[in-house]
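Here's the structure, in structure tokens; my notes come after.
When a ligand or atom number is given, it counts from 1 through the structure's own listing order. Below, all heavy atoms of this structure are taken into account, side chains as well, without hydrogens, waters or symmetry copies. Sequential numbering from 1 along the given sequence is applied to the chain's residues.
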Amino acid sequence: MVSPVPLLSIIIPCYNEATNLENLFERLFQSLETLSLSYEVICVNDGSRDDTLARLLTYHHRHPPLKVISLSRNFGKDIALTAGIDHSCGQAVVPLDADLQDPPEVLGEMVELWRQGFDVVYGTRLRRQENWLKRLTAHGFYQVLGWISAVPIPANTGDFRLMDRRVVDALRQMPERNRFMKGLFTWVGFRQTAVYFDRPRRHRGQTKWSYWQLWNFALNAIFSFSVKPLQVWIYIGLCISTIALLYAFWLVLRTLIYGVDLPGYPSLMVAVLFMGGVQLLTLGIMGEYLGRIYEEVKGRPLYLVRDRYGFSDPSPDNASRE
Ligand code: UDP
Ligand code: MG
């Protein structure tokens with residue numbers, strides 16, 4: 001059942017996912033058919049270097065509700081997702097990973113809850129079948145994020161969620177470049193609820209995230225969602241100054257009582273190095289925010305589209321969003 005304005009838009013960012021597509025589409029279309037509602041599937045080719053695009057086009061010709069956007073280069077998952085969302089027209093939008101880590105079978109439950117009146121139905125992972133280090137770091141990350149961010153971001157929740165058109169329109173009003181999607185999804189508010197699922201291992205291929213990238217992702221999440229790293233120095237500074245003041249009093253007192261002697265080279269060095277370290281750290285954190293401001297004021301388009309397949313409008317005003 002396919003109508004011009006689909007009820008459901010599925011957005012799939014794809015970066016070197018050629019080996020996963022066959023299984024993905026088989027399971028996805030099977031799930032969608034059982035829902036018997038109209039849909040579109042938008043695959044965003046995020047500058048893949050394998051034959052992802054060629055395969056996507058084969059599927060597109062076979063199955064027209066599958067539309068393809070090809071970006072001009074690799075922009076990263078969050079931006080690819082944004083490009084897909086910008087081009088979607090469904091009443092509800094669901095981002096989905098191409099590696100089958102977000103099981104399409106959960107869609108039914110999401111749609112059911114959406115019909116009951118929820119605006120956002122997010123998928124929360126019950127068990128992560130990943131190695132202990134990834135599970136541990138993920139846990140730590142959500143812990144820190146929960147503590148630091150102004151809006152409570154649900155733990156173990158990825159981009160896999162159903163969003164009503166109202167939510168999508170709200171999201172589209174956010175022009176920022178540093179797109180920490182999980183945060184943005186939560187920031188918008190609306191009526192949200194969870195569905196739970198076991199997150200399987202990636203079907204085929206390698207994760208695109210190295211530990212270094214995950215670390216940067218975590219930093220990005222924190223810096224783009226909180227100014228606490230800037231504010232915390234007020235308190236650290238206050239503590240250090242108080243300790244220094246007390247120490248100064250003690251020195252004066254000691255000199256008055258015992259007279260002058262001049263040891264203290266080690267303590268001096270420790271104090272100087274400690275303060276140097278603290279100052280460099282603060283400077284680094286300020287630089288991080290400054291860099292972000294610089295990125296934002298440059299005002300470049302978020303992404304550039306090279307080709308689009310299956311879209312009826314010739315050149316939408318959102319082909320590359322500013
Ligand atoms: N992805 C993308 N651009 C990138 C990296 C990843 O579009 O630069 C896509 C990828 O094809 C997949 C999804 O984002 O559909 C999730 O990527 P991955 O499985 O590597 O992340 P993980 O599941 O390990 O968090
Ligand atoms: Mg994955």
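- When only interatomic distances are considered, the shortest N/O to N/O separation between Pro13 and ligand 1 falls below 3.5 Å.
- Glu33 and Tyr39 form a side-chain donor-acceptor contact under 3.5 Å, judged by distance and modelled atom types alone.
- Less than 4.0 angstrom separates some heavy atom of Asp99 from each of these atoms of ligand 1: 19 (O), 23 (O).
- Figure legend: cation-pi geometry between Arg55 and Tyr59 absent, as NZ or CZ is not positioned both under 6.0 Å from the six-membered ring centre and within 45° of its axis.
- Listed by number with element, the atoms of ligand 1 under 4.0 angstrom from any heavy atom of Glu17 are 10 (C), 11 (O), 12 (C), 15 (O).
- Residues Ser9 and Glu40 have side chains that bring a donor and an acceptor to within less than 3.5 angstrom of each other.
- Partners of Arg49 under the side chain to side chain donor-acceptor pair (under 3.5 Å) rule, at least two apart in sequence or in another chain, are Tyr15.
- Contact annotation: for Asn16 versus ligand 1, there are no heavy atoms closer than 4.0 Å.
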With a 3.5 Å cut-off and sequence neighbours excluded, list the donor-acceptor pairs that the side chains of residues 283-295 form with protein atoms.
residue, atom, partner, partner atom, Å
Glu288, OE2, Arg292, NE, 3.2
Glu288, OE2, Arg292, NH2, 3.0
Tyr289, OH, Ser226, O, 2.5
Arg292, NH1, Asn220, OD1, 2.8
Arg292, NH2, Asn220, OD1, 3.3

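- Sorted by chain and number, the protein atoms of type N, O or S within less than 2.8 Å of the Mg ion (ligand 2) are Asp99 OD2, Gln101 OE1.
- Atom numbering of ligand 1 starts at 1 in the shown order; those under 4.0 Å from a heavy atom of Asn74 are 3 (N), 4 (C), 8 (O).
- Between Arg166 and Asp119 there is a salt bridge, with a side-chain nitrogen of the basic residue lying less than 4.0 Å from a carboxylate oxygen of the acidic one.
- Nearest-heavy-atom check against atom 3 (N) of ligand 1 across Ile79, Leu71, Asp46 picks out Asp46.
- Considering both main-chain and side-chain atoms, Ala98 comes within under 3.5 Å of ligand 1 through a nitrogen or oxygen pair.
- There is no side-chain donor-acceptor pair under 3.5 Å between Asp46 and Tyr303.
- For Asp51, the side chain to side chain donor-acceptor pair (under 3.5 Å) criterion is met by no residue, not counting sequence neighbours.
- Using a 3.5 Å distance cut-off with no hydrogens or angles, the side chains of Asp99 and Asn20 do not pair a donor with an acceptor.
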